[in-house]
Amino acid sequence: MESIKIAICDDEKALQELLQSKIEEYCKKRGTKCQISCFDSGESFLSLPAEQMPDILFLDIQMPGKTGMEIARQLRRRGSDIIIIFVTALPEYVYEAFDVGAFHYLVKPFDDIKLQEILEKALKQYGRQNPSAALQNTDQPDKVFSPLAILIKRGGLSTKVFLSDIIYAEVFNRKVMLHTINGDIEYYGKLSDLSEQAGANFYRTHRAYLVNLKYVEKYNASTIWLEQGTALLSKKQFAGFVRQYMQYINRQKNTNHRKPL
């Protein structure tokens with residue numbers, strides 16, 4: 001079984017030791033072999049030879065010398081596809097995290113459940129990037145793939161709608177309105193049911209909105225602008241939206257890299 005390389009770069013020794021202990025404990029329970037190395041500065045981490053670079057990096061943002069963002073940018077300029085998980089006490093850094101292709105982030109203080117959730121997703125992402133890697137997985141795979149189309153029932157008729165054609169959906173008065181590239185479709189239903197069917201390329205940004213990440217053009221803390229139309233983004237869904245959008249971008253990059261010339 002292949003051993004996955006995980007690095008922790010943080011200037012706080014106590015946090016290094018805590019993360020290392022928790023990661024080792026979870027990997028052992030999961031049945032995944034891991035090699036963990038710790039670094040107390042960005043400079044010491046970047047001095048690693050290319051062949052010793054980790055597969056997954058837990059990276060503190062605020063450190064003396066090179067910051068986590070500077071380290072991430074340098075890694076990306078080198079062409080590295082390391083799975084970067086930022087560790088920060090300031091959630092507003094999520095905007096910059098997106099710019100450097102971070103996979104996820106941990107906001108201090110974090111609990112065991114959150115750490116395990118993010119680590120599990122990172123291990124699964126590593127498995128997708130490296131299909132030949134024999135990493136033991138005790139959980140069900142992430143819901144990444146979804147059906148190509150759904151059936152919408154209206155007035156006794158069933159209409160096939162391709163998920164890739166849906167820009168966003170909104171709900172009002174027990175009706176769901178699908179805004180598609182071919183026009184609008186209205187039907188009686190629940191947005192939660194559509195969200196379950198749609199899969200990981202869609203995100204419930206607000207109790208009344210479901211957006212297709214494919215069509216996102218820009219966003220701020222309250223609004224998402226799509227190729228056609230806008231959707232509301234609630235405060236409590238903001239971090240989750242950014243996280244899933246980053247994962248969507250990473251999937252698209254990986255898919256494009258695998259395309260034959």
Side-chain angles (χ1 to χ4, degrees), residues 3-126 129 135 221 235-236 238-247 250:
S3 181
I4 189 166
K5 293 183 289 185
I6 299 174
I8 300 165
C9 186
D10 196 298
D11 61 314
E12 294 182 32
K13 186 69 174 177
L15 187 60
Q16 282 184 26
E17 294 174 351
L18 175 66
L19 275 174
Q20 181 171 359
S21 172
K22 297 296 183 183
I23 292 170
E24 287 176 343
E25 179 183 350
Y26 184 72
C27 286
K28 182 178 180 180
K29 181 176 71 174
R30 189 182 190 272
T32 298
K33 291 184 178 179
C34 66
Q35 298 176 11
I36 301 176
S37 51
C38 295
F39 304 85
D40 57 13
S41 71
E43 289 80 1
S44 61
F45 173 76
L46 290 172
S47 67
L48 274 177
E51 64 273 12
Q52 294 180 24
M53 279 289 169
D55 305 303
I56 297 174
L57 171 63
F58 285 83
L59 179 60
D60 186 17
I61 291 181
Q62 296 174 294
M63 293 187 292
K66 285 187 179 294
T67 68
M69 287 297 170
E70 290 173 324
I71 296 163
R73 291 190 185 98
Q74 191 162 334
L75 289 170
R76 296 311 186 214
R77 284 196 296 269
R78 293 179 181 178
S80 171
D81 62 353
I82 290 174
I83 297 171
I84 297 174
I85 299 169
F86 278 123
V87 182
T88 178
L90 301 173
E92 57 265 31
Y93 276 114
V94 68
Y95 282 111
E96 291 184 68
F98 172 75
D99 290 337
V100 295
F103 177 73
H104 220 307
Y105 56 92
L106 271 170
V107 178
K108 304 174 186 176
F110 52 84
D111 57 28
D112 289 358
I113 294 175
K114 191 63 179 178
L115 172 61
Q116 291 173 11
E117 173 192 323
I118 292 175
L119 179 57
E120 179 61 31
K121 288 181 178 180
L123 291 169
K124 288 178 179 177
Q125 177 65 21
Y126 174 78
Q129 292 178 1
L135 296 181
K235 184 177 180 180
K236 69 177 182 178
F238 174 73
F241 164 74
V242 175
R243 178 174 65 246
Q244 191 153 329
Y245 189 48
M246 287 192 291
Q247 292 173 354
N250 285 334

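Along the sequence shown, residues carry numbers from 1.
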For Met63 and Ile71, work out which heavy atoms get closest and say how close. CE-CD1, 3.5 Å
For the residue pair Phe103 and Ile118, what are the closest heavy atoms and their distance? CE2-O, 4.4 Å
Say whether, by atom type as modelled, one donor and one acceptor occur between the side chain of Glu70 and the main chain of Thr67 under 3.5 angstrom. yes
Got a second to check how far Gln20's CD is from Phe58's CZ, nearest 0.5 Å? 12.0 Å
Find the distance between CG (Leu119) and CD1 (Ile56) and round it off to the nearest 0.5 Å. 6.0 Å
Nearest 0.5 Å, please: how far is CD in Glu17 from SG in Cys38? 8.0 Å
Start with the C-alpha gap between Met69 and Thr88, add the side-chain angles, then the distance that decides, and say whether side-chain contact (heavy atoms from CB on, under 4.5 Å) holds. CA-CA 11 Å; Met69 287 297 170; Thr88 178; over 6 Å; no
Nearest heavy-atom approach of Gln16 to Asp10 is NE2-O, 2.6 Å
Report yes if some heavy atom in the side chain of Met246 is under 4.5 Å from a heavy atom in the side chain of Tyr105; otherwise report no. yes
Ignoring hydrogens, what is the shortest heavy-atom contact between Ile6 and Cys34? Give both atom names and the distance. CD1-CB, 4.2 Å
Under the 3.5 angstrom rule, does the side chain of Glu43 hit a backbone N or O of Lys66 as a donor-acceptor pair? yes
Return the minimal non-hydrogen interatomic distance between Gly68 and Leu59, and the atom names on each side. O-CD2, 3.2 Å
Reported NE2-to-CD distance for the pair His104 and Gln244, which is rounded to 0.5 angstrom: 9.5 Å
Do Phe39 and Leu57 come close enough that some side-chain heavy atom pair is under 4.5 Å? no
Hey, what do you get for CG (Asp81) to CE (Met53), rounding to the nearest 0.5 Å? 12.0 Å
Is a donor on one side and an acceptor on the other found under 3.5 Å between the side chain of Asp60 and the backbone of Cys9? no
Would you please test Leu123 and Ile83 for side-chain contact (heavy atoms from CB on, under 4.5 Å) and show each step? CA-CA 9 Å; Leu123 291 169; Ile83 297 171; over 6 Å; no
Worked verdict on Ile36 versus Ile23 for side-chain contact (heavy atoms from CB on, under 4.5 Å): CA-CA 8 Å; Ile36 301 176; Ile23 292 170; 3.6 Å; yes
Looking at every heavy atom in both Glu51 and Lys5, which two are closest together, and how far apart are they? O-NZ, 3.1 Å
Side-chain heavy atoms of Val87 within contact of Glu12, under 4.5 Å: no
pair Asp112-Glu25: side-chain heavy atoms closer than 4.5 Å: no
Any donor and acceptor pair, going by atom type alone, linking the side chain of Ser47 with main-chain N or O of Ser44 inside 3.5 Å? yes
Can you check side-chain contact (heavy atoms from CB on, under 4.5 Å) on Leu15 and Lys108, steps first, answer last? CA-CA 10 Å; Leu15 187 60; Lys108 304 174 186 176; 3.5 Å; yes
If I take atom CZ from residue Arg243 and atom CZ from residue Phe238, how far apart are they, to the nearest 0.5 angstrom? 11.5 Å
Kindly indicate, with the supporting measurements, whether the criterion salt bridge (Lys or Arg N to Asp or Glu O under 4.0 Å) is fulfilled by Lys114 and Glu117. CA-CA 5 Å; Lys114 191 63 179 178; Glu117 173 192 323; 3.6 Å; yes
Under 3.5 Å side-chain donor-acceptor pair for Gln116 and Glu120: no
